[in-house]
Amino acid sequence: MKLPTITHIRAYSMGGAAAKIHGQGGGDYHDQGKDHWIDNHIATPMSKYKEYEQSRQSFGLNVLGTLVVEVEASDGTTGFAISTAGTIGCFIVEHHLSRFVEGKRVDQIKLIHDQMLNSTLFYSGGGGVVINTISAVDLALWDLYGKVVKLPVYKLLGGAVRDEIHFYATGARPDLAQKMGFIGGKLPTHWSSAFGDEGIEKDIATLADMRERVGDKFWLMFDCWMSQDVNYATKLAHAAAPYKLKWMEECFPPNQIESYRELKKNMPKGMLMTTGEHTGTLEGFKELSDAGVDILQPDVGWCGGVTSLCEIAAIAKSRGQLVVPHGSSVYSHHAVITFTNTPFSEMLMTAPKADHVRPQFDPVLLDEPVPHDGIITAEELDKPGFGVELNRSCPLERPFEH
Ligand SMILES: C[C@H](O)[C@H](O)[C@@H](O)[C@@H](O)C(=O)O
Ligand SMILES: [Mg+2]
């Protein structure tokens, strides 16, 4: 089969500080409207500042906005993907990365990936918005390739190793998630080292209440979003053990490898330590794996795309560790269903009260699949590419053209 070449790459943004319309959700799923659980006194490294304690949007968590990357082939087929990079990402795609994409064949994804990574090293530092942007291009290329050869991405990656993906839910209401058929509920912590022992008491009270509601078998986890120090995390883990907390997630910033190593030694035996959603390089994941992280949690839109996610999964596999990507919808589903060390996955509840299942990247992806009874089947993923289309009625802007 003679494969077409890529003739155009285009970048659009939605939301974020540069946009007129906010609270749309989308690729930057923290860019939600008012009274949303995801912006209600969640503990962060900024919690120590009174003015930034209540809301993560107040310190700019939704400042970037959604990046949409669209690629077009010489046969007219288009592919696209999204991530969290907004207008900055549009600039990088149009004025820098486009030169590595246009003119290549649709199957030259790994070559393009390596050129994007190496050509941006002088300003990416190996992570952050540059890697988010590269991830969106990589995902768009996989989508285009699948749509050209009329195969789902998971089949391009070697096929499913299981018939279904089972999900835990992240949100304020694990008790409701249990009723929806999820296998567990991950609670954001609302307090942190900045609040001392009182913070531990308050989050433990929430955990105890949830354990009462869900019974003994349902998984409960804490997501600590980089807000702790080793001593606080150690005390919280031991206080949580009687309530069968399954894991402590992202207690520290991504580069505090020694803190993770220390916490792993201090934690109650059997409790898992997880992290990775804000790490953007293979080297970073290797260091976390070396530090004893039990579950690596890359975000496929923030770690280098599917191409990088497959390499990260191999790092975990080489040590008998799991890779359970941070919630990233179809972009993660198509990869994890081909991974033997991903026994379950994450569904981020973006409904404002976490009381029903809303597509994570709503409203940007048309036909975005969601778990039913906590499950998505391989069959539901059986559509070309990532199986979704761009909702062109969204307020998308193309700020730069190359
Ligand atoms: C719920 C957490 O605070 C974050 O908002 C979430 O995006 C992430 O940490 C997660 O693991 O889902
Ligand atoms: Mg997390």
Side-chain angles (χ1 to χ4, degrees), residues 25-33 36-47 52-64 66 82-84 132 167-174 177 182-192 203 206-207 210 219-228 233 236 245-254 256 260 272-280 285 288 293-303 322-329 331-333 336 342 344-354 357-362 371:
D28 188 351
Y29 61 83
H30 285 115
D31 190 21
Q32 298 292 347
H36 197 293
W37 73 264
I38 211 163
D39 202 30
N40 180 20
H41 202 278
I42 309 270
T44 79
M46 292 290 282
S47 300
Y52 299 124
E53 180 184 335
Q54 174 54 35
S55 155
R56 292 192 284 188
Q57 288 189 12
S58 72
F59 69 71
L61 185 56
N62 62 333
V63 71
L64 289 177
T66 296
I82 64 175
S83 184
T84 313
N132 295 10
F167 291 85
Y168 74 85
T170 295
R173 297 299 302 270
F182 290 98
I183 54 176
K186 184 165 75 180
L187 282 161
T189 47
H190 293 281
W191 307 93
S192 68
D203 274 326
T206 304
L207 177 63
M210 274 301 156
W219 299 353
L220 289 175
M221 298 77 85
F222 271 153
D223 188 313
C224 309
W225 215 79
M226 306 177 279
S227 64
Q228 301 175 355
L236 181 66
L245 187 78
K246 187 176 182 68
W247 74 62
M248 294 273 284
E249 178 169 325
E250 205 183 25
C251 299
F252 318 114
Q256 283 189 11
Y260 284 105
L272 301 174
M273 180 177 74
T274 75
T275 195
E277 70 190 68
H278 294 111
T279 295
F285 283 101
L288 290 171
V293 172
D294 298 290
I295 304 180
L296 294 180
Q297 300 172 306
D299 182 301
V300 68
W302 303 344
C303 72
L322 302 183
V323 59
V324 178
H326 170 245
S328 30
S329 189
Y331 304 114
S332 163
H333 306 338
V336 301
T342 307
F344 53 87
S345 203
E346 175 181 6
M347 176 65 189
L348 233 165
M349 304 295 270
T350 54
K353 302 270 176 265
V357 179
R358 173 189 173 210
Q360 175 171 345
F361 292 131
D362 180 53

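Whatever order the structure lists ligands and atoms in, that order sets their numbers, starting from 1.
- In terms of polar-atom proximity, defined here as any N/O pair under 3.5 Å, His326 does make such a contact with ligand 1.
- Note on Glu277: its N/O/S atom closest to the Mg ion (ligand 2) is OE1.
- Side chain of Glu250 to backbone of Glu277: no donor-acceptor contact under 3.5 angstrom is found.
- In the vicinity of Leu348, heavy-atom distances shorter than 4.0 Å reach the ligand 1 atoms 7 (O), 12 (O).
- Relative orientation of the Trp225 and Phe59 rings is tilted, given thresholds of 30° and 60° on the angle between their planes.
- The Mg ion (ligand 2) has an N, O or S atom of Glu249 under 2.8 Å away, backbone or side chain.
- Contact of the Ser328 side chain with the Trp302 side chain is not registered, since no non-hydrogen atoms from C-beta on lie closer than 4.5 Å.
- Phe285 and Gly280 get closest at one heavy-atom pair: CE1-N, 4.5 Å.
- Residue-ligand proximity, Ile42 to ligand 1, at heavy-atom distances under 4.0 Å covers atoms 3 (O).
- With ligand atoms numbered from 1 in the order given, ligand 1 contributes 10 (C), 11 (O), 12 (O) to contacts under 4.0 Å with heavy atoms of Glu346.
- Which parts of ligand 1 touch Ile38 is read off a 4.0 Å heavy-atom cut-off, strictly below it: atoms 5 (O).
- By the 3.5 Å distance cut-off applied to N or O atoms, Glu250 is not counted among the residues near ligand 1.
- Under the 4.5 Å side-chain criterion, counting only non-hydrogen atoms from C-beta, Thr275 is not in contact with Trp247.
- Looking at Thr170, Val324, Asp39 and measuring to atom 1 (C) of ligand 1, the nearest heavy atom belongs to Thr170.
- For the atom pair NE2 (His36) and OG (Ser55), the distance works out to 12.5 Å, reported to the nearest 0.5 Å.
- Looking at residues two or more places apart in sequence or on another chain, you find no ring-ring contact (aromatic ring centres under 6.0 Å, His included) involving Tyr52.
- For the residue pair Gln297 / Thr274, a side-chain donor-acceptor distance below 3.5 Å is found, with atom types taken as modelled.
- Nearest protein heavy-atom contact of atom 7 (O) of ligand 1 is Tyr29 OH, 2.6 Å.
- The proximity of Arg56 to ligand 1, defined as any non-hydrogen pair under 4.0 Å, is limited to the side chain.
- Using 4.0 Å as the threshold, Gln297 has no heavy atom nearer than that to any atom of ligand 1.
- As for Asp223, its N/O/S atom nearest the Mg ion (ligand 2) is the one called OD2.
- With a 4.5 Å cut-off on side-chain heavy atoms, Tyr168 and Glu346 count as touching.
- Taking a cut-off of under 4.0 Å to the non-hydrogen atoms of His30, the atoms of ligand 1 that pass are 4 (C), 5 (O), 7 (O).
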